[in-house]
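Note sheet for the following structure.
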Amino acid sequence: MHSSNHIIKLADDTTVVGLINKDNESIYREEVRELVSWCKANNLYLNVDKTKEMVVDFRRARQDHSLLAINGSSVEIVKNIKFLGVHIAENLTWTLNTSSITKRAKQRLYFLRKLREAHLPSPILTTFYRGTVESILSSCIITWFGNCTAFDRKTLQRIVRTAEIIIGVSLPSITNIYITRCIRKATNIVKDPTHPSHELFTLLPSGRRYRSIQSCTSRLCNSFFPEAIRLLNSG
């Protein structure tokens with residue numbers, strides 16, 4: 001496998017992530033061919049109809065990408081995909097993902113209202129909320145929340161506020177959940193020298209603060225690692 005490519009395997013799903021540099025797709029396409037050959041040799045069937053390709057290209061003059069072929073069939077190019085429950089768009093915005101989360105969380109609020117009508121005590125309602133609503137709002141939150149728009153964040157927070165009114169208690173805000181999860185994840189990475197991202201957390205000569213990761217765009221500046229380092233430094 002070439003260093004510019006990564007293969008992510010989970011159960012029966014396989015994802016190939018390739019970096020195309022200077023319009024040279026040969027390495028990426030060779031990686032796909034090797035994967036197809038390996039599957040054939042190990043009696044695994046690739047369902048081309050369910051295989052999708054998404055191209056992330058932020059150049060001003062975007063070019064059309066030739067279709068990827070697997071076993072003689074072309075792979076459809078899509079504008080967004082769902083990966084491990086998270087909707088990823090080709091422009092790396094998270095409005096679609098937020099809309100999906102909001103819809104699912106609102107459906108669970110209905111059951112929370114029914115439990116309140118049954119006069120269940122606040123502790124039980126809070127437990128139900130954390131297990132069925134907050135778990136949806138915070139799913140993979142360190143991946144996408146940092147780059148959410150202010151409108152999307154307000155939309156998510158309104159669900160938390162609605163749950164507070166239903167239960168009658170104060171609940172952690174969506175921002176506080178994000179900060180807590182970021183610090184927890186970053187701390188685990190710092191403590192684990194075998195983690196692939198461990199080397200990204202490097203101490204300054206003082207030994208008390210971590211060196212910030214320089215980012216050229218706000219999109220990258222608000223991603224997990226730069227924000228996690230800032231949170232560790234501020235904490």
Side-chain angles (χ1 to χ4, degrees), residues 1-97 139-140 142-147 185-186 188-190 192-202 211-229:
M1 183 175 68
H2 196 273
S3 59
S4 63
N5 299 322
H6 297 279
I7 295 180
I8 304 172
K9 187 77 174 69
L10 180 67
D12 60 344
D13 290 334
T14 302
T15 303
V16 179
V17 181
L19 174 62
I20 298 175
N21 190 22
K22 297 180 181 180
D23 293 326
N24 182 11
E25 302 182 15
S26 59
I27 296 176
Y28 163 67
R29 294 180 180 274
E30 178 61 29
E31 190 77 53
V32 174
R33 285 193 292 269
E34 290 291 335
L35 176 62
V36 173
S37 299
W38 184 88
C39 290
K40 287 182 178 180
N42 289 273
N43 299 317
L44 295 175
Y45 173 74
L46 289 177
N47 191 334
V48 183
D49 293 335
K50 292 185 178 180
T51 303
K52 309 297 180 183
E53 184 180 35
M54 186 180 73
V55 180
V56 179
D57 189 351
F58 288 102
R59 294 177 298 179
R60 292 183 179 179
R62 294 190 58 174
Q63 299 179 359
D64 293 333
H65 295 267
S66 57
L67 294 176
L68 184 69
I70 295 179
N71 297 330
S73 300
S74 298
V75 176
E76 179 186 3
I77 296 180
V78 296
K79 293 185 179 296
N80 59 79
I81 60 173
K82 188 177 182 181
F83 181 66
L84 300 183
V86 178
H87 293 270
I88 305 174
E90 63 177 359
N91 57 1
L92 298 186
T93 59
W94 300 101
T95 300
L96 176 62
N97 184 68
S139 177
C140 300
I142 63 174
T143 302
W144 51 265
F145 187 79
N147 281 311
K185 185 64 176 179
N188 290 336
I189 293 174
V190 170
D192 184 6
T194 63
H195 195 283
S197 301
H198 175 77
E199 60 183 16
L200 297 178
F201 293 84
T202 57
R211 190 181 305 277
S212 296
I213 297 178
Q214 299 298 320
S215 301
C216 299
T217 65
S218 59
R219 185 182 71 256
L220 296 177
C221 186
N222 294 330
S223 58
F224 168 68
F225 289 107
E227 285 210 342
I229 290 174

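In terms of heavy-atom proximity, Ala186 sits nearest to Phe224 at N-CZ, 4.2 Å. Nearest heavy-atom pair across Glu31 and Val16 is CG-CG1, 4.2 Å. Closest non-hydrogen pair, Ser74 versus Val48, comes out as O-CG1, 4.0 Å. Across all their heavy atoms, Asn24 and Ser26 have their closest contact at OD1-OG, 2.6 Å.
No more than 12 heavy atoms of other residues, nucleotides or ligands lie within 6.0 Å of NZ in Lys40, so this atom counts as exposed by the packing criterion. More than 12 heavy atoms of other residues, nucleotides or ligands lie within 6.0 Å of NZ in Lys9, so this atom counts as buried by the packing criterion.
Tyr28 contributes atom OH, which lies 3.5 Å from atom CD of Glu53 (distance to the nearest 0.5 angstrom). Annotation: the span from Leu96 atom CG to Ile81 atom CD1 amounts to 11.5 Å, rounded to 0.5 Å. Within the model, atoms CD of Glu227 and CD1 of Ile229 stand 11.0 Å from one another, a figure rounded to the nearest 0.5 Å. Taking CG of Asp13 as the reference point, atom CD1 of Ile8 lies at 11.0 Å (rounded to 0.5 Å). In this structure, the separation between CE on Met54 and CD on Glu90 is 7.5 Å, given to the nearest 0.5 Å. Here the CG atom belonging to Asn5 is positioned 7.0 Å from the CD1 atom belonging to Ile27, to the nearest 0.5 angstrom.
Here the side chains of Leu67 and Val75 are not in contact, with every heavy-atom distance at 4.5 Å or above. At a threshold of 4.5 Å between non-hydrogen side-chain atoms, the residues Asn21 and Ser4 do not count as touching. You'll find the side chain of Lys185 stays beyond 4.5 Å of the side chain of Ser197, heavy atoms only. Annotation: side chain of Val86 is in contact with side chain of Trp94 (closest heavy-atom distance under 4.5 Å). Using a 4.5 Å heavy-atom cutoff, the side chains of Thr143 and Phe83 are not in contact. Contact annotation: the side chain of Asn147 never approaches that of Leu92 to less than 4.5 Å [non-hydrogen atoms, C-beta and beyond].
With 3.5 Å as the limit, one finds a donor-acceptor pair spanning the side chains of Thr194 and Asp192.
At distances below 3.5 Å, at least one donor-acceptor pair connects side-chain atoms of Asn97 with backbone N or O atoms of His87. With hydrogens and angles ignored, the 3.5 Å screen pairs no side-chain donor or acceptor of Trp38 with any backbone N or O of Leu44.
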